[in-house]
Amino acid sequence: MRAVRYGYVTGPLIGGLWGVVMAVVIAVVVSFATGAGLRPVLLPAFAFGAWLGLVWLPDGGRGMRARLALGGALAVVVLAVFWLFGLPLAGAAETGLGVMLVAWLLCAAAVLWPLLSMLRPLPFGVATRHEFEDAVIRFLTGFGYIFFTALVAIPFYVMVMTSLKSQQALLLNPLDFSLDLERGWGLFRSYFELFGQFNFGDYLLTSFFVSVMTVFITLLFSVPGAYAVARLRFRGRAAMGRSILLIYMVPMIVLALPIYIAFSMLELRNSLVGILMIYPVTTIPVALYMLQGYFRGLPAEVEEAGLMDGLSRLAVIWKITLPLSLPALASVSLYVFMIAWNEFLLAFMLLDDPSKFTLTRGVAMLNSSEIPRQHLMAGSVIATVPIMVIFLGLEKFMTKGLTAGSVKG
Amino acid sequence: MTDIAPTGRGALEKREARLAWGLLAPTLISVALVVLLPLAAIFWISFKPVELADLRVPEAEAYERLRGDIEAPGDSAEISYRLSNSSREVAVTGVTLRDTLPVGLEVQNIDPRCTLEGRELFCDLGDFEPGHREQMRMDVVAAEDFTGPLPSLRDTPAEMVGSASSDLWNATFTLENFRTLFDGGQFWNVLGVTLFYTVFGTIGALVVGLFAALLLNKSFRGQGLLRGLYLFPYVAPVIAVAFTWVILLDPFSGSINALLVQMGVVNSPINFFGERPLALIMVTVFEIWRYFPLSFLFILARMQSIDTDMYEAADMDGASPFQQFWYLSMPQLLGILSVLFLLRFIWTFNKFDDIFLLTGGNAGTRTLTVNVYEQAFAVSNIGAGAAVAVVIFGCLILFALFFFRFVSREEGL
C-alpha cells in the first residue's frame with residue numbers, strides 16, 4: 001500500500017481515471033444533446049488526465065524548474081499518444097468540426113477543473129495515509145455525483161425527450177434528443193392527441209378523484225384507530241400493533257386474485273366504487289402505523305387537561321390531538337396520495353372499461369405495438385409530472401412520510 | 001411500551017377499552033373484509049380445480065317472444081319461451097320460471113308444468129341438463145274487452161331461478177394444484193429466480209443507498225436539490241419508469257444500445273430484457289435503481305444523527321477517513337441497515353409490478369408473484385395461481401416470525 005502513496009503516483013492515477021470518466025461523460029452528454037456520433041478513446045483520455053494530475057500536484061518541495069522539465073517531457077509523451085491513438089474524443093465521419101471543438105474544450109475543462117480540488121490535499125512526494133485517502137475520497141465523491149446524477153437523470157430526460165419526438169426521428173437516430181424547435185407547438189403533438197383522442201383528461205381527473213378519496217377515507221379510518229393504539233389502554237393493544245405491521249406485509253398479488261373473483265361475481269369490476277373499497281384498505285395499516293408513532297410522541301398532559309375540562313375523548317381528538325399533529329397528517333396524506341396515484345396492479349386487473357381508467361391504467365393501455373412510443377412516453381410524463389410537482393413542492397412533508405412509511409412498496 | 005393493559009376491572013377501564021375497540025372497529029372490519037377474507041379465499045381456492053371460465057356461474061335463461069299480430073278482440077297469437085342452460089358442462093337444478101302476462105290475453109292451452117293464477121304464470125321446469133335447450137309454447141287469444149295496443153312482453157321479463165353447483169362452492173377438494181406446482185423442475189427454477197432477485201435486489205439497493213448517503217452527508221449548496229433528484233426513481237409511478245427503461249434498452253431503437261454500439265463497446269445491440277441470464281440481472285438492476293432512494297433516505301437520516309464530536313476526537317487521534325467510516329460510522333449504521341435489509345427483503349420478495357412491466361416474466365425472470373398471475377390469467381388456471389399464492393404466504397409467515405424475533409430487539413419497530 002505504501003508504494004502508491006506518493007503524490008507523483010497517486011496524482012496521475014487519479015487524474016487518468018478522471019480523464020476517462022470525463023471523456024465518457026462528455027461523449028454521452030454531447031451525443032444526447034446534439035445527436036452527433038461521439039466516442040471516447042480511453043488511452044489518450046487516460047494519458048491526458050494523468051499528465052494534468054502530475055502537473056497540477058501542489059508543490060511538495062520540488063523546485064519549479066524541475067517540475068516544468070518533468071511536465072514538459074511528459075507532455076511530449078502525451079502528444080505522442082494523441083498522435084498514435086487520436087484525441088480523447090473521436091467523432092464519427094458525419095460529425096461536424098464545430099461540435100468536435102466544443103466537445104474537446106468541454107472535455108479539457110471538465111478534466112482540469114475538478115482535478116484541482118481533488119489533488120489539493122496531495123503533496124508531490126510521500127503522502128500520509130490521511131492525505132492519500134482524502135484525495136481518493138475526493139475523487140470518489142466527484143465520480144459519485146456524476147454516476148448517481150446520470151443514473152437518475154438519464155431515464156427521466158429520455159422519457160421527456162422521447163415524448164416530444166416523432167417515431168421516424170427516433171428510429172433514424174436513437175441518440176438524437178435534440179429538439180426541432182421549428183415544429184413549434186407541433187412538439188407537443190402526442191400530448192394533444194392523448195388529451196384529445198385518448199381521454200387522458202378524464203383519466204387525470206379520475207386519478208385525482210381516486211387518490212384524494214383514498215387519502216380522505218384512509219385518514220377517516222386510521223386516525224381513530226391510531227389514537228386508540230397510541231393512547232388508550234386495553235387488552236390486546238400490543239398484539240394490535242404487530243398485526244398492523246403483519247398485514248402490511250401481505251403482498252397485493254396474493255389478495256388480488258380473490259378480489260378479482262369476488263368483484264367479478266358482485267359486478268364491482270369496472271367501477272370506481274370497487275377501486276375505492278380496496279385502495280384505502282391497502283393504505284390504512286401504513287397510515288395507522290405512522291400516525292400512532294406520532295401520537296405517542298405528543299405530550300399526554302395536554303389531552304388530560306382537556307379531559308379534565310370536560311371534553312369527551314372524541315372532542316379531545318378533534319380539538320387537541322388533530323391540530324397538534326397537522327404536520328404528521330400532511331406527511332401521511334402525501335404518502336397515501338402517492339401510493340394511490342402510482343397504484344398499477346389493481347387498476348390493471350379490475351378496470352377494463354376505458355371510460356373508467358385511472359391514469360396508470362391508461363398508460364398501460366398505450367403499451368401496444370399499434371401506438372407510437374412517443375405516446376407511451378407522453379402518457380408516462382403525464383402520470384409522473386403531478387406527483388413530481390407535489391413531491392418537489394412539499395418535499396419536507398413528503399420525505400417525512402417516506403421515511404416513516406416507505407418500507408412499503 | 002411503558003404501560004400495559006389495565007389489570008383492574010373497574011368501570012373506567014372497561015369504558016376505555018370499549019372506546020378503544022370502537023375506534024378500531026372501522027379499521028378492523030375493513031381489513032377483515034379486504035385482507036383476511038381474501039386470504040381465507042385463496043386457501044380455499046388453492047384446493048379447488050377451478051379455471052377462469054368456471055367463474056361464470058351457469059344459469060337457466062329464457063327468451064320470450066310473441067308470434068302473430070294482435071290488434072282486435074279475437075286475434076290469436078303464440079307466446080313462446082326459448083329456454084336454455086348457459087353452461088355446456090354443468091347442470092342447473094330446480095329451475096322455475098315466473099312471468100306476468102300482459103292484460104287482455106287469454107291463455108288457450110298451457111304447458112303441463114305450469115300453472116296460471118290470474119296473470120301470474122309459474123312453471124316448475126325441473127332440472128336442465130348441460131347444454132339443454134327447448135321451446136315452450138302457449139296459444140293466446142285477445143279477450144273480448146281488448147282495446148290495444150298490447151304492451152311488450154319484455155316489460156315484464158321472465159324470472160328464471162335455478163341452482164347450479166359451481167366448482168368454486170362445492171365440497172370437492174383436491175391437492176392437484178399443489179401436485180402440479182411442485183411437479184417438475186419449474187417450481188424450483190421459479191424459486192431460484194425469486195431468491196436471486198430478492199437477495200441481490202435487497203443487498204444492491206442497500207449498498208448503493210449507502211454510497212448515495214455518504215455522498216450527501218455533508219452540507220453544501222444544492223444538497224437539497226440533489227437529494228430530491230435522487231428520490232425520483234421511487235416517487236415516480238412504476239409504470240412510467242418501467243416503460244422508460246424498456247424503451248431505453250430496446251434492442252432495435254434503444255438509446256443505450258445505440259450508445260454502446262457507437263462507443264465500440266459491443267458489436268451488435270444487446271437484447272437486455274430478452275436474453276436468459278441477462279434479463280434477470282437487468283430486472284434486479286432495475287429493482288436496485290428504483291429502491292436505492294429508500295435506503296439512502298433512512299441511512300442519511302441515521303448518519304445525520306451521529307454525534308460529530310466523535311469524529312473530531314478520532315481526527316485528533318490520527319484516524320484516517322476510511323478508518324473513521326469503518327470503525328466509527330458502520331457500527332452506528334448496523335442497526336438501521338439490518339432493519340432495512342429485513343423489510344426490503346420481504347417487500348422485494350412480494351414485488352410484482354416491476355418484473356411484470358419489464359419482461360412479463362419471460363426470459364427466465366418469472367418470480368413467484370409473477371407466477372401467480374401467469375397461472376391464473378395467462379394459463380387461466382385459477383386454482384394453480386392460488387396454490388402459488390399460498391406458497392408465497394407461507395414464506396411470508398416464515399419471514400414475519402424471523403422479523404419479529406429479530407427486529408423487536410433492534411430498533412424497537
Side-chain angles (χ1 to χ4, degrees), chain A residues 37 39 129-130 133-134 137 141 144 148 152 155-156 158-159 162 170-171 174-175 221 224-225 227-228 232-235 237-238 246-247 249-251 253-255 257-259 261 264 278 281 284 288 313 342 344-345 360 363-364 367 373 376 380 383-384 387 391-392 395 399 402-403 406-407, chain B residues 1 3 5-6 16-17 19-20 23-24 26-27 30-31 34-35 38 41-42 55 211-212 215 228-230 232-233 235-241 243-245 247-248 253-255 258-259 262-264 294 297-298 301 320-322 343 346 350 352-353 369 372 376 385-386 389 392-393 396 400:
Chain A
R39 189 161 48 84
R129 183 169 180 172
H130 212 296
E133 287 184 6
D134 221 17
I137 285 174
T141 310
F148 278 105
V152 174
F156 287 94
V158 168
M159 187 203 291
T162 307
L170 281 172
L171 287 176
L175 273 184
F221 279 54
Y227 185 84
L232 302 177
R233 288 161 302 156
F234 60 97
R235 217 176 268 275
R237 178 171 137 175
L246 196 65
I247 278 168
M249 286 174 188
V250 177
I253 183 75
V254 167
L255 304 180
L257 195 56
I259 288 173
I261 296 172
S264 300
I278 306 248
V281 182
I284 285 172
L288 205 157
R313 274 283 183 185
N342 291 354
F344 161 73
L345 170 63
T360 50
V363 177
N367 182 30
R373 65 171 45 167
L376 178 60
S380 301
T384 309
I387 197 72
F391 168 64
L392 291 177
E395 208 225 305
T399 30
L402 288 178
T403 34
S406 55
V407 280
Chain B
M1 267 171 243
D3 43 6
E16 189 160 319
L19 177 70
L23 290 175
L24 275 167
T27 301
S30 62
V31 163
V34 179
V35 178
I42 206 104
L55 288 187
F211 279 126
L215 211 57
L229 179 73
Y230 289 0
F232 268 22
V235 181
V238 58
I239 188 155
V241 284
F243 282 147
T244 308
W245 271 59
I247 283 186
L248 201 57
S253 56
S255 310
L259 207 60
Q262 149 107 354
M263 290 186 173
L294 286 190
L297 208 58
F298 276 84
S320 76
F322 280 117
L343 284 172
I346 293 172
N350 291 346
F352 168 79
D353 317 26
T369 48
V372 174
I392 295 180
F393 190 68
L396 195 78

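So that the names make sense, note that chain A is the first sequence line, chain B the second, and so on, each numbered from 1. Everything numeric here is computed off the predicted structure, so don't read it as measured data. Heavy atoms only: backbone and side chains are in, while hydrogens, waters and symmetry mates are out.
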**Q** Tell me which of these, B:G228, B:A236, B:A17, has more heavy-atom pairs under 4.5 Å with chain A than the rest.
**A**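 The option with the most such pairs is B:A236.
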**Q** Using non-hydrogen atoms and a 4.5 Å limit, figure out which bit of A:F148 sits close to chain B: side chain, backbone, both or neither.
**A**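 Both backbone and side chain of A:F148 come within 4.5 Å of chain B.
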**Q** If you look at every heavy atom in B:S320 and A:H130, which pair is closest and at what distance?
**A**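 Of all heavy-atom pairs spanning B:S320 and A:H130, the closest is CA-CD2, 4.1 Å.
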**Q** Heavy-atom distances under 4.5 Å only: say whether A:I253 touches chain B with side chain, backbone, both or neither.
**A**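 For A:I253, backbone and side chain are both near chain B.
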**Q** Supply the atom-to-atom distance A:T399 OG1 to B:L297 CG, rounded to the nearest 0.5 angstrom.
**A**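 A:T399 OG1 to B:L297 CG: 6.5 Å, rounded to 0.5 Å.
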**Q** Please determine, among B:S255, B:P233, B:A258, the option with the most heavy-atom pairs under 4.5 Å with chain A.
**A**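 Answer, by heavy-atom pair count under 4.5 Å with chain A: B:S255.
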**Q** Kindly give the heavy-atom pair with the smallest separation between B:Y230 and A:G144, and that separation in Å.
**A**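 The answer is OH-O, 4.4 Å.
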**Q** So for A:I137, is it side chain, backbone, both, or neither that comes closer than 4.5 Å to the heavy atoms of chain B?
**A**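 Interface part for A:I137: side chain.
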**Q** Count the heavy-atom pairs under 4.5 Å between each of A:I284, A:L171, A:L232 and chain B, then report the option with the highest count.
**A**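 Option with the top pair count is A:L232.
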**Q** To the nearest 0.5 Å, what is the distance between CZ (B:F352) and CG (A:L345)?
**A**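 It comes to 5.5 Å.
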**Q** Within the side chain of B:N350, is there an N or O that forms a donor-acceptor pair under 3.5 Å with the backbone of A:M249?
**A**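 Answer holds: yes.
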**Q** Which distance, rounded to the nearest 0.5 Å, do you find between the OG of B:S253 and the CG of A:L175?
**A**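 B:S253 atom OG to A:L175 atom CG measures 11.5 Å (nearest 0.5 Å).
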**Q** So which of B:A389, B:A400, B:P321, B:S30 has the largest heavy-atom pair count under 4.5 angstrom toward chain A?
**A**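 The residue among B:A389, B:A400, B:P321, B:S30 with the greatest pair count is B:P321.
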**Q** Counting only heavy atoms closer than 4.5 Å, note whether A:L392 contacts chain B via side chain, backbone, both or neither.
**A**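 When you check distances to chain B, only side chain atoms of A:L392 fall under 4.5 Å.
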**Q** Less than 4.5 Å to any heavy atom of chain A: does that hold for the side chain of B:L396, its backbone, both, or neither?
**A**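 Interface part for B:L396: side chain.
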**Q** What option among A:R313, A:R373, A:M159 has the most heavy-atom pairs under 4.5 Å with chain B?
**A**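 Looking at each of A:R313, A:R373, A:M159 in turn, A:R373 comes out on top.
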**Q** Considering non-hydrogen atoms only, spot the tightest contact between B:T244 and A:P155 and give its length.
**A**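 It is CG2-O, 3.1 Å.
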**Q** Can you tell me how far apart CZ (B:F322) and CG (A:D134) are? Round to the nearest 0.5 Å.
**A**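 Taking CZ in B:F322 and CG in A:D134, the distance rounds to 10.0 Å.
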**Q** Closest heavy-atom contact between A:R39 and B:G264?
**A**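 Smallest interatomic distance, heavy atoms only, reads CD-N, 4.2 Å.
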**Q** Heavy-atom pairs under 4.5 Å with chain B: which of A:I261, A:T360, A:I278, A:I247 has the most?
**A**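 Winner by heavy-atom pair count: A:I261.
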**Q** Quick check on the interface: out of B:A212, B:A376, B:G254, B:A41, who has the most heavy-atom pairs with chain A under 4.5 Å?
**A**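 Most heavy-atom pairs within the cutoff with chain A belong to B:A212.
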**Q** Please step through side chain to side chain contact (heavy atoms under 4.5 Å, CB included) for the pair B:V35 and A:V281, ending with a clear verdict.
**A** CA-CA 8 Å; B:V35 178; A:V281 182; 4.3 Å; yes
**Q** Within the structure provided, determine whether A:V254 and B:V372 are in side-chain contact (heavy-atom separation under 4.5 Å).
**A**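 Not touching, per the 4.5 Å side-chain cut-off.
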**Q** I'd like to verify something: which residue of A:I387, A:L170, A:L376 has the highest number of heavy-atom pairs under 4.5 Å with chain B?
**A**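 The option with the most such pairs is A:L376.
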**Q** Using a cut-off of under 4.5 Å on heavy-atom pairs, state which of A:V363, A:T162, A:I259 scores highest against chain B.
**A**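 Of A:V363, A:T162, A:I259, A:V363 has the most heavy-atom pairs under 4.5 Å with chain B.
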**Q** If you count heavy-atom pairs within less than 4.5 Å of chain A, which of B:T369, B:L248, B:V235 leads?
**A**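 Most heavy-atom pairs under 4.5 Å with chain A: B:V235.
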**Q** Look at the side chain of B:T27 and the backbone N and O of A:F221, then say whether any donor-acceptor pair between them is shorter than 3.5 Å.
**A**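 Side chain of B:T27 to backbone of A:F221: a pair is present.
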**Q** For A:P258 versus B:P38, what's the shortest heavy-atom pair and its separation?
**A**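 Heavy atoms only, the tightest pair is CG-O, 3.3 Å.
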**Q** State, to 0.1 Å, how close A:P251 and B:I392 come at their nearest heavy-atom pair, and which atoms those are.
**A**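 That closest heavy-atom pairing would be CG-CG2, 3.9 Å.
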**Q** Between B:L19 and chain A, which part of the residue has a heavy atom less than 4.5 Å away: side chain, backbone, both or neither?
**A**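 Interface part for B:L19: both.
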**Q** Tell me, side chain or backbone of B:I346 under 4.5 Å from chain A's heavy atoms, or both, or neither?
**A**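 Side chain of B:I346 only, per the 4.5 Å heavy-atom cut-off to chain A.
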**Q** Can you measure from CG (A:N342) to CD1 (B:I239) and round to the nearest 0.5 angstrom?
**A**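 Going from CG on A:N342 over to CD1 on B:I239, the span is 10.0 Å.
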